Amino acid sequence: MSITYLEAIREAQARALNDDPRVFIYGQDVGAFGGAFKATKNLAARFPGRVLDAPISEDAMAGLAVGAAIEGMRPIIEMQFADFSTVAFNQIINQAATLFWRTNVPCPITVRLPCGGTSGGGPFHSQMMEAIYAHYPGLVVMTPATVEDAYSMLLEAVAIDDPVIFCEHKLLYNHLKAEKLPTEALPVGKARIAREGRDLTIVAYSAMVQEALIVADELATEGWEIEVVDLRSVKPLDTDTVMASVARTGRLLCVGEAFPWGGVTAEVIARVACEGFGLLDVPPQRLNAKDTPVPYHPNLWAAHRPTAPRIAAAARKLLRL
Amino acid sequence: MSITYLEAIREAQARALNDDPRVFIYGQDVGAFGGAFKATKNLAARFPGRVLDAPISEDAMAGLAVGAAIEGMRPIIEMQFADFSTVAFNQIINQAATLFWRTNVPCPITVRLPCGGTSGGGPFHSQMMEAIYAHYPGLVVMTPATVEDAYSMLLEAVAIDDPVIFCEHKLLYNHLKAEKLPTEALPVGKARIAREGRDLTIVAYSAMVQEALIVADELATEGWEIEVVDLRSVKPLDTDTVMASVARTGRLLCVGEAFPWGGVTAEVIARVACEGFGLLDVPPQRLNAKDTPVPYHPNLWAAHRPTAPRIAAAARKLLRL
Amino acid sequence: MVHSPLKPEPVGDVSPMQELYLRAYRLMLLARVLDDKFASLYRAGKIHGGVFLGRGQEALSVACGLALREGDVFAPLIRDQAGRLAFGEPILDAVRTYLGSALGPMRGRDGNVHRGHPKQGLLAMISHLGAMISVVNGALLARRMKGIAGTVGLACCGDGATSTGAFHEALNQAAVEKLPLVMVVANNQFAYSTPTARQFACDSLLDRAAGYGFHGSEVDGTDLSACLTTLTAAADRARAGRGPQLVVARLLRLCGHGEHDDAHYVDAKLKHLPASRDCLKASEDFLRAQEWADAPTLAAWRAEVVQKVEETLAKVHREPAPDPFKENWYALSARHLCEGYE
Amino acid sequence: MVHSPLKPEPVGDVSPMQELYLRAYRLMLLARVLDDKFASLYRAGKIHGGVFLGRGQEALSVACGLALREGDVFAPLIRDQAGRLAFGEPILDAVRTYLGSALGPMRGRDGNVHRGHPKQGLLAMISHLGAMISVVNGALLARRMKGIAGTVGLACCGDGATSTGAFHEALNQAAVEKLPLVMVVANNQFAYSTPTARQFACDSLLDRAAGYGFHGSEVDGTDLSACLTTLTAAADRARAGRGPQLVVARLLRLCGHGEHDDAHYVDAKLKHLPASRDCLKASEDFLRAQEWADAPTLAAWRAEVVQKVEETLAKVHREPAPDPFKENWYALSARHLCEGYE
Ligand SMILES: Cc1ncc(C[n+]2csc(CCOP(=O)(O)OP(=O)(O)O)c2C)c(N)n1
Ligand SMILES: Cc1ncc(C[n+]2csc(CCOP(=O)(O)OP(=O)(O)O)c2C)c(N)n1
Ligand SMILES: [Mg+2]
Ligand SMILES: [Mg+2]
């Protein structure tokens with residue numbers, strides 16, 4: 001048996017619905033249809049009345065989730081694509097994210113964002129939005145890179161008493177497979193050493209972890225040992241694990257699939273520069289997508305986001321310094 | 001005669017309306033009332049039919065601006081508070097910011113955002129949003145810190161063929177004064193050395209420039225010469241000027257009034273760390289607002305944002321390293 | 001709610017309608033006196049940030065609060081001091097929040113009209129207009145899922161807020177889910193300085209009801225009896241499962257948008273229309289005409305609420321302001337997930 | 001627009017209505033054949049990303065395009081191949097955009113239905129539903145400011161998009177500004193898999209018109225004559241300064257949401273209702289009943305459009321794909337303000 005990243009997300013939701021009567025799912029086409037990506041397939045039938053189709057009203061979807069959370073429910077809302085969460089932006093950052101701080105009432109909602117580019121996706125079905133949400137106080141932002149994390153982190157997202165932005169990468173949905181679902185997991189907020197090494201630390205998250213691992217494999221054939229750190233959640237961001245890795249390797253490359261201004265790579269490098277300056281043997285480097293919208297055509301799309309060859313080139317440059 | 005930051009914004013709009021028939025202003029209460037902050041006072045009377053009250057529809061305000069820009073107009077839209085631009089977020093980042101790249105049709109709109117905290121403003125009338133907009137390709141993000149820049153940069157914002165997010169700081173509106181309006185200005189995209197020094201570079205923007213200058217004065221009495229760089233625009237961000245300053249001083253403190261995750265301070269420090277690592281004699285430092293919503297009560301608000309004493313303390317620490 | 005709304009002492013053998021009216025009037029009076037107090041504190045520079053009054057809207061607002069019961073959900077907006085009191089919000093909450101007391105429900109983190117007790121059904125508004133309505137929907141949906149029946153949710157907004165996308169999405173959502181939402185629109189002729197002619201172009205905002213599948217009713221917002229009847233009926237219909245309700249009230253904002261605003265843009269003619277009368281005065285006239293209260297009684301009631309307000313202020317003035325060093329600066333309830341900065 | 005819409009050869013001494021109908025029919029046919037072609041290319045794995053068809057909506061869509069004139073503004077949505085052709089979009093645009101040709105209007109940057117020539121009044125939709133309507137408003141307001149009279153703007157959307165806040169804000173905005181906006185809602189019973197019962201609760205979306213102060217009309221979207229009449233009348237009213245217009249059409253989406261979707265969730269019963277008929281077939285029946293075209297003529301017309309489509313495809317297949325090394329990667333028109341990364 002094997003299970004995909006997407007199936008893990010579905011199973012996590014099934015388990016959450018099964019174990020906790022306070023959980024429900026709300027989103028466009030999530031009901032009988034099972035969602036645009038089938039992340040909720042069969043759930044409406046298995047859990048009648050608890051997997052509800054929403055009108056095309058992302059603002060009201062997020063607002064409704066907050067209201068239900070106030071009443072003790074634990075809603076999961078699915079945005080059909082992360083990009084459409086811009087319409088719910090106000091409710092997420094101003095309503096959900098401020099509720100606990102303002103009123104002392106927790107806001108346990110999970111916002112599932114199918115993120116990231118796919119071939120042919122184009123400017124409005126491809127965006128990475130983790131940096132936008134991580135900027136705001138009051139949100140937890142998860143970016144699972146493995147099947148196991150997709151499962152266990154989604155369960156934790158639902159269990160956490162705060163709003164969680166759950167960034168699931170569409171490219172991993174069917175492509176990433178594991179043998180079985182995990183029975184234990186790292187705590188939220190802990191990064192993971194996805195591969196050990198001593199020559200260079202590549203910090204990555206979401207689909208970039210897979211690219212980084214390819215690069216590590218490739219550079220291993222050249223004799224380099226690359227350590228890959230999977231951030232898992234970008235807020236909180238596990239600076240300690242990143243710095244411990246940089247302490248071992250002295251070299252840091254941070255890779256993100258988002259737009260280049262700001263974002264996770266800036267935050268990681270700023271933290272290491274401020275708090276772990278002495279650990280760096282050479283200047284840190286970052287790699288992001290290009291500073292244009294995400295292009296539709298596969299040729300352009302493949303050049304827009306960082307992929308193994310570009311990461312490998314950046315890594316080699318760093319290793320030679 | 002003296003002129004305030006707010007008056008400079010008003011005069012820039014008057015001049016833009018006067019000089020260019022394609023310019024118009026659209027926003028809530030901007031007409032006869034002259035705007036919540038009086039930034040458009042008397043303009044409706046002086047320019048009949050070109051300063052229009054909008055319904056409480058930020059999404060449609062931004063969309064309308066894009067449509068008018070397509071037809072060759074140069075709209076200025078005023079958000080009553082920057083915080084309400086969250087409702088227009090989708091139209092700004094997905095409609096306005098992608099138009100030129102997608103269609104080759106320029107999108108010369110200016111979005112005026114009254115930003116930043118004031119005493120008693122609270123969580124929803126105080127936000128800094130420059131980092132959110134700077135993250136997206138296709139936008140220019142200006143953060144004027146002086147009366148002169150408020151004037152000349154707003155004129156440039158209107159003249160630029162791309163969407164400009166014009167972040168004007170409410171705390172400076174009436175507080176900051178100049179003798180007269182400038183007749184020339186640095187080009188957009190160039191940072192300014194607000195004060196020369198050789199011991200430490202403080203990079204700041206918007207209202208933080210004033211705080212940094214206070215700190216520089218104060219530390220001068222202790223014998224330190226602090227260089228203050230005013231970024232002026234955060235996208236594009238003038239890395240060259242920042243690095244040239246750090247090359248002189250060897251020490252970097254970056255100060256922002258936004259939330260601590262991501263944002264301008266992360267971007268500046270990441271750039272200097274990646275591109276100017278060798279220029280730094282000691283680890284760079286950053287100072288931001290706290291990671292909670294902006295509090296209402298003056299006691300809390302004053303502690304939430306960086307102010308001269310906190311900046312001075314951070315600077316002293318850096319200088320002693 | 002947190003405590004039970006002001007009840008008048010029994011005035012002998014009164015009808016339920018009379019009792020409700022008297023209760024409503026005294027709550028309106030309390031709201032007005034409290035608002036006036038905030039206005040004078042504002043003028044004296046004693047309040048941080050803005051002050052927003054319900055002057056002229058007390059009849060509508062109080063009727064909203066009184067149409068609700070314990071266990072219902074209420075999302076007041078900026079002009080709902082009367083409705084809040086009627087729903088059971090203690091005067092202390094308003095005073096503490098306006099004066100920024102550390103002991104207030106918002107602990108100095110938020111101020112003025114941004115207060116509430118969400119767990120008791122009194123939502124704490126965010127500023128973004130229209131945004132609270134879908135939150136009410138969520139609370140109502142949750143109750144349905146939990147099998148709780150017979151409660152309703154009431155959301156207030158102004159004419160201006162009807163232009164927001166959030167208003168639209170939430171009304172449509174309530175209709176699709178057949179939620180017991182009562183949406184009350186106070187058409188007070190202005191959104192800040194913007195007259196309704198620049199805000200919408202339908203004949204009446206009531207014309208929106210059919211487009212959502214809401215039951216709609218209109219009311220003269222200066223007539224307390226009419227407000228009580230209309231709001232109670234709307235809440236009762238929602239409670240009885242007859243779906244969401246839209247109530248549109250016509251009145252005039254008898255103050256500036258906030259106390260910083262002199263409202264010079266309000267046409268004098270408009271102020272002298274019958275529809276612009278002061279609902280508080282109108283209900284006093286009514287009380288006297290009905291002989292439900294004479295001048296000395298009214299004066300005594302006023303004295304009583306003035307004293308209550310003064311006492312509360314005196315108490316709150318002695319309370320501590322929030323202390324930034326005691327503040328925990330955590331935005332998440334899961335503290336272990338908060339990042340430590342600096 | 002970029003070129004002038006397909007005109008049939010004169011068929012002798014025909015009435016203007018007959019000529020319009022014939023022209024409309026042949027544009028519908030072209031749109032259908034083109035759509036079918038995209039569907040088969042999709043099945044063959046030759047198209048990157050999704051394919052969205054207008055099957056069953058061609059009558060309504062073509063009527064939208066034909067109601068407009070050069071100089072008008074058109075904001076088509078995902079099912080408007082026919083309307084685009086009628087407004088003058090070259091077939092080449094559709095084929096190049098779907099196949100990602102570097103020579104297409106979007107140069108491979110955007111794909112499928114996301115194409116246009118904004119400067120010629122054909123807006124290039126973003127995906128976010130409802131977002132194009134206020135852009136049309138802006139174009140219309142700009143024209144008014146520039147003193148250009150007599151042009152209108154027409155925006156299309158589906159039943160689902162009416163639930164967006166953007167739709168609401170834009171309609172209200174158009175009404176307040178009295179813009180010559182024609183808003184056409186194709187109620188095709190589904191938004192992706194979601195039936196209208198989960199989308200709205202009003203009796204008809206036409207009930208929304210009064211709430212905005214729009215003139216409203218309803219039309220059978222499967223009846224080409226009715227569509228032509230209704231849309232022309234609506235555009236004429238807008239053109240004559242009679243304010244914004246809402247047209248609601250009833251029909252059924254005769255395909256999946258996209259070609260990846262088999263639409264298994266569409267009830268067979270629904271498919272067999274008269275209102276669910278295929279508008280293209282219905283207009284062929286009409287043409288024959290009227291003796292405006294016989295079977296051989298229809299076959300010849302079809303052969304002609306098939307050839308046109310095949311020729312266009314053959315041409316585009318030889319065109320270059322976008323080259324990432326030639327791409328400039330600048331998102332701003334002011335290149336000196338673009339940051340260089342890497
Ligand atoms: C989305 C949004 N945009 C702008 C504002 C600023 N604002 C606060 S109150 C107000 C006017 C509200 O008018 P209305 O809804 O009629 O209520 P009223 O003040 O008349 O009671 C405006 C524009 C806001 N709070 N939210
Ligand atoms: C704001 C937003 N949310 C979600 C989507 C995803 N989406 C694309 S098309 C669609 C269904 C649209 O239905 P409708 O408006 O009825 O148009 P139809 O496809 O039936 O023509 C959805 C949900 C979107 N494009 N925009
Ligand atoms: Mg109002
Ligand atoms: Mg539809």
Side-chain angles (χ1 to χ4, degrees), chain A residues 21-22 24 26 49-50 52-73 75 87-88 90-91 94-109 136-140 159-164 187-189 233 235-239 271, chain C residues 73 75 105-107 109-110 114-128 130-146 148 151 153 164-177 179 328-340:
Chain A
R22 300 170 303 174
F24 71 96
Y26 187 54
R50 294 173 62 199
L52 305 175
D53 285 334
I56 306 181
S57 302
E58 284 81 3
D59 182 283
M61 278 166 54
L64 178 142
V66 175
I70 289 172
E71 293 290 309
M73 304 296 282
V87 180
N90 182 54
Q91 294 282 20
N94 282 320
Q95 186 88 260
T98 69
L99 181 69
F100 172 73
W101 182 81
R102 294 172 67 236
T103 68
N104 231 10
V105 175
C107 186
I109 74 172
Y136 282 91
L139 299 173
V140 171
I160 288 173
D161 267 346
D162 295 291
V164 177
V188 177
S233 70
K235 189 160 186 193
L237 196 162
D238 182 0
T239 321
R271 288 191 190 194
Chain C
V73 180
M106 311 313 279
R107 299 159 290 162
R109 294 181 175 186
D110 211 339
H114 299 87
R115 59 182 193 267
H117 292 274
K119 281 285 185 197
Q120 280 87 48
L122 182 60
L123 300 185
M125 60 172 278
I126 71 166
S127 295
H128 297 72
M132 299 312 298
I133 312 169
S134 58
V135 179
V136 176
N137 288 347
L140 297 173
L141 185 72
R143 282 151 187 233
R144 176 183 298 164
M145 286 181 165
K146 294 194 284 183
I148 299 171
T151 65
T164 63
F167 173 89
H168 173 74
E169 293 194 1
L171 264 68
N172 184 58
Q173 179 182 60
V176 167
E177 295 295 346
L179 297 172
N328 65 36
W329 302 110
Y330 288 136
L332 298 175
S333 77
R335 290 214 182 174
H336 65 288
L337 297 180
C338 291
E339 305 207 289

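Just so you know, these numbers use all the heavy atoms, side chains as well, and skip hydrogens, waters and symmetry mates. Letters go in sequence order (proteins before strands), and every chain restarts at 1. Not measured: the values here are computed from a predicted model.
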Problem set entry | chain A contact via C/P118 - side chain, backbone, both or neither, heavy atoms under 4.5 Å |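 The answer is both parts of C/P118.
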Of all the heavy-atom pairs spanning [X] and [Y], show the shortest one and how long it is.
X	Y	result
C/S134	A/G63	OG-CA, 3.2 Å
C/A170	A/A60	N-CB, 4.1 Å
C/Y330	A/W101	O-CD1, 3.4 Å

Exercise. Are C/L123 and A/I70 side-chain neighbours, meaning at least one heavy-atom pair lies under 4.5 Å?
Worked result: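 Yes; the side chains approach each other to less than 4.5 Å.
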Problem set entry | Close side-chain approach of A/T98 and C/H114, heavy atoms under 4.5 Å |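 Counting from C-beta outward, A/T98 and C/H114 never come under 4.5 Å.
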Exercise. What residues form a side-chain contact (heavy atoms from CB on, under 4.5 Å) with C/A131, not counting sequence neighbours?
Worked result: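 For C/A131 the side-chain contact (heavy atoms from CB on, under 4.5 Å) partners, ignoring immediate neighbours, are A/N90, A/Q91, A/Q95, C/I126, C/H128.
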Problem set entry | Residue list, side-chain contact (heavy atoms from CB on, under 4.5 Å) with A/A65, at least two apart or on another chain | A/P75, A/I77, A/I109
Under 4.5 Å from any heavy atom of chain C, what part of [X] do you find: side chain, backbone, both or neither?
X	answer
A/P137	both
A/L52	side chain
A/V105	side chain

Problem set entry | Top contributor to chain C interface from A/I160, A/N104, A/L99, A/V87 [non-hydrogen pairs under 4.5 Å] | A/N104
Could you give the distance from [atom1] ([X]) to [atom2] ([Y]), rounded to the nearest 0.5 Å?
X	Y	atom1	atom2	result
A/I56	C/N172	CD1	CG	10.5 Å
A/R22	C/K146	CZ	NZ	10.0 Å
A/L64	C/E177	CG	CD	7.5 Å
A/T239	C/E339	OG1	CD	6.5 Å

Problem set entry | Worked verdict on C/M106 versus A/T103 for side-chain contact (heavy atoms from CB on, under 4.5 Å) | CA-CA 6 Å; C/M106 311 313 279; A/T103 68; 4.1 Å; yes
Problem set entry | Side-chain donor/acceptor of A/R102 to backbone N/O of C/M125, under 3.5 Å | yes
Exercise. Under 3.5 Å, is there a donor-acceptor pair between the side chain of A/D162 and the main chain of C/A334?
Worked result: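 Confirmed, A/D162 side chain pairs with C/A334 backbone.
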Exercise. Should A/M73 and C/L141 be marked as a side-chain contact (heavy atoms from CB on, under 4.5 Å) after you check the CA-CA gap, both sets of side-chain angles, and the distance that decides it?
Worked result: CA-CA 10 Å; A/M73 304 296 282; C/L141 185 72; over 6 Å; no
Problem set entry | Option that, when pairs with chain A are counted at under 4.5 Å, heavy atom only, ranks first among C/N137, C/D110, C/L337 |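 Heavy-atom pair counts peak at C/L337.
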For this session: Taking only Lys NZ, Arg NE, NH1 and NH2, and the carboxylate oxygens of Asp or Glu, determine whether A/E71 and C/R143 approach each other closer than 4.0 Å.
Result: yes
